[in-house]
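We count ligands from 1, going down the list as the structure has it; atoms in each ligand are counted the same way. Predicted model, so just to flag it, every value in this text is computed and none were measured.
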Amino acid sequence: MVSAKMEEALNAQVNKEMYSAYLYMSMSAFAESMGYKGIATWFMVQYHEEMVHAMKIYEYIIRVGKKVVLNTIEQPPSQFDSVQDMFRNALKHEQYITESINNLVDLAISEKDHATKIFLDWYVTEQVEEEESVNDILQKLDLIGENGNALYMLNKEIGARTVNVALDYSRGVENGSQGGA
Ligand code: OFO
């Protein structure tokens with residue numbers, strides 16, 4: 001049994017994941033405007049991942065017989081000082097999301113809601129990955145410093161990232177296709 005309090009908290013998390021998608025789409029647009037096509041691709045792949053994060057919770061709320069209530073998505077920043085600044089913001093955001101997931105887990109435990117706790121475990125693991133991948137790029141950016149050639153190479157390297165989550169989740173994320181079909 002999922003409580004009304006948990007239902008509300010899960011709906012709030014849908015909104016946060018949608019904001020994540022929006023934020024990374026905005027970062028992708030900023031990277032495009034700076035001519036960093038590879039970085040733009042990396043953030044657009046991240047956008048797709050966030051949409052799936054939101055959809056998994058959306059579907060869970062429905063599966064447990066509760067109601068999805070969508071809220072306004074906050075406007076993300078559209079201007080950053082540099083590529084480094086953008087990734088620093090991305091890391092800060094992921095740390096915020098990790099905290100939010102941890103709070104949800106705490107709530108599930110305090111309510112003895114084992115099903116939701118198990119459902120959220122996937123997000124706990126995913127957040128380790130989310131922070132790690134951004135941290136990884138930030139470390140490289142620190143090494144690169146002001147070196148334009150090296151930044152160009154990093155742009156190329158991370159631009160090779162591809163989408164490996166469902167792009168069409170009309171029949172559910174688990175049954176989703178990765179697009180093209
Ligand atoms: Fe949904 O993990 Fe990033 O924000």
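- Using a 30° and 60° split on the angle between ring planes, H53 and Y123 fall in the perpendicular class, above 60°.
- V124 is linked by a side-chain contact (heavy atoms from CB on, under 4.5 Å) to I101, V105, counting only residues two or more places apart in sequence or in another chain.
- Legend: residues meeting side-chain contact (heavy atoms from CB on, under 4.5 Å) with L70, ordered by chain and number and at least two apart, are V14, V68.
- Using a distance-only test at 3.5 Å, with no hydrogens or angles considered, a donor-acceptor pair links the side chain of Q127 to the main chain of E94.
- Less than 2.8 Å away from atom 3 (Fe) of ligand 1, the protein contributes these N/O/S atoms: E50 OE2, E94 OE1, E94 OE2, E130 OE2.
- For Q46 and E50, the side-chain atoms include at least one donor-acceptor pair closer than 3.5 Å.
- Sorted by first and then second residue, the ring pair (Phe, Tyr, Trp, His ring centres under 6.0 Å) pairs with a member in residues 146-171 form an empty list; sequence neighbours excluded.
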